[in-house]
Amino acid sequence: MDPGYRTLDVTREGHVVRVRFDTPEAGNAVTGTVLAELLAVLGAVRDDPDVRVLVLSGAGPDFSLGGDLDEFDGLMAKDPTGAHIAALGDRARRVCEALAGGSAVTVARLHGRVVGAGLALALFCDLRAGADSTRFRMPELAVGLPIAWGGALPRLMHEAGAARVRELLLMGSGFGAATAKEMSVLHRVAPEAELDDVIQQWIRPLVRRSPTALRVTKAVLGSYAAAARTADASLLDGELLAAALAARREERGRP
């Protein structure tokens, strides 16, 4: 894989590609650069039928602390119409669609804190394993933003259930690995020292599967999941985020 990524560490081991967020000093924030590099990696994986599994993880103490509010504010200052934010939202949506809709099985390896946009990216992975000490949070309402990022809200409601998600979003409270497993946000929970073994238990049978069978199975699962949703407004997420940020700037008295 291309060694020139600025925010990701990407390695290839046979049929497995490992992608690790590699800006721990910034909490592995999900920035525009991170999204652009993820799109490049996912595009390369899509074009390589020999890749069966992609593992997404984070360097340092946390998987990801979510979106970069300073970047959001900077983009709004540069263009108060919100066009740059809308473009960022569109890029986020394309990354999430590539994680869920690509031919390789995507696996999220979660530890530390998993927040906001970081949680959204994990949700779009096919399989999710977390350390028993992992903490999750969706703080958007607390910072004056809607859950409008990459189509995360319909995905979360489909995976975890609308009633539980409603409470979590309105309260903005964090939850741990046990609750995440109960909600199907996590498939497996293990002590952090054993987390890599859990991932390997998934990888071993997957790399023996026919790539055609994997691709078709993922497509069928995705089709049934889409059919279960009567509406999906995720195409509007970028515009909603831009509108919310504009309102946030007005409330703070910024031009």
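All values reported here derive from a predicted model rather than from experimental measurement.
Considering NE2 of His111 and CZ of Arg135, their distance stands at 15.5 Å, rounded to 0.5 Å. Within the model, atoms CD of Glu182 and OG1 of Thr179 stand 6.0 Å from one another, a figure rounded to the nearest 0.5 Å. Here CG of Leu123 is found 11.0 Å from OG of Ser184. Values are rounded to the nearest 0.5 Å.
Val55 and Val95 are assigned to two separate hydrophobic clusters, defined by single-linkage of ILVMFWY side chains at heavy-atom distances under 4.5 Å. Note: the hydrophobic cluster containing Leu99 also contains Val45 (ILVMFWY, side chain heavy atoms under 4.5 Å, direct or indirect links).
At a threshold of 4.5 Å between non-hydrogen side-chain atoms, the residues Arg18 and Glu13 count as touching. Leu156 places a side-chain heavy atom less than 4.5 Å from the side chain of Met138. Inter-residue side-chain proximity for Arg6 and Thr23 is flagged as unmet; no heavy-atom pair is nearer than 4.5 Å. Side-chain contact between Val16 and Gln200 is absent, with no heavy atoms from C-beta onward closer than 4.5 Å. By the 4.5 Å heavy-atom criterion applied to side chains, Glu97 and Leu42 are not counted as neighbours. Looking only at side-chain heavy atoms (C-beta outward), Phe21 and Val34 come within less than 4.5 Å of each other. Residues Val19 and Tyr5 are not in side-chain contact: their nearest non-hydrogen atoms beyond the backbone lie 4.5 Å or more apart. The shortest distance between side-chain heavy atoms of Asp126 and Leu221 does not fall below 4.5 Å.
Other residues sharing a hydrophobic cluster with Leu65 under the 4.5 Å side-chain heavy-atom criterion for ILVMFWY residues are Val115.
Asp197 has no carboxylate O lying under 4.0 Å from a charged side-chain N of Arg188, or vice versa, which leaves the two without a salt bridge.
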Going through the distances and angles, do Val185 and Leu119 end up as a side chain to side chain contact (heavy atoms under 4.5 Å, CB included)? CA-CA 9 Å; Val185 169; Leu119 175 54; 4.1 Å; yes
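Residues Asp68 and Ala29 approach most closely at CB-CB, 4.4 Å, considering heavy atoms. In terms of heavy-atom proximity, Gly176 sits nearest to Phe136 at O-CD1, 4.1 Å. Annotation for Cys96 and Leu121: closest pair SG-CD2, 4.1 Å, computed over non-hydrogen atoms.
Judged purely by atom type and a 3.5 angstrom limit, Arg12 uses its side chain to pair as donor or acceptor with the backbone of Gly14.
The closest side-chain donor-acceptor pair between Thr7 and Glu37 falls under 3.5 angstrom.
Residues satisfying the salt bridge (Lys or Arg N to Asp or Glu O under 4.0 Å) criterion with Glu194, sequence neighbours excluded, are absent altogether.
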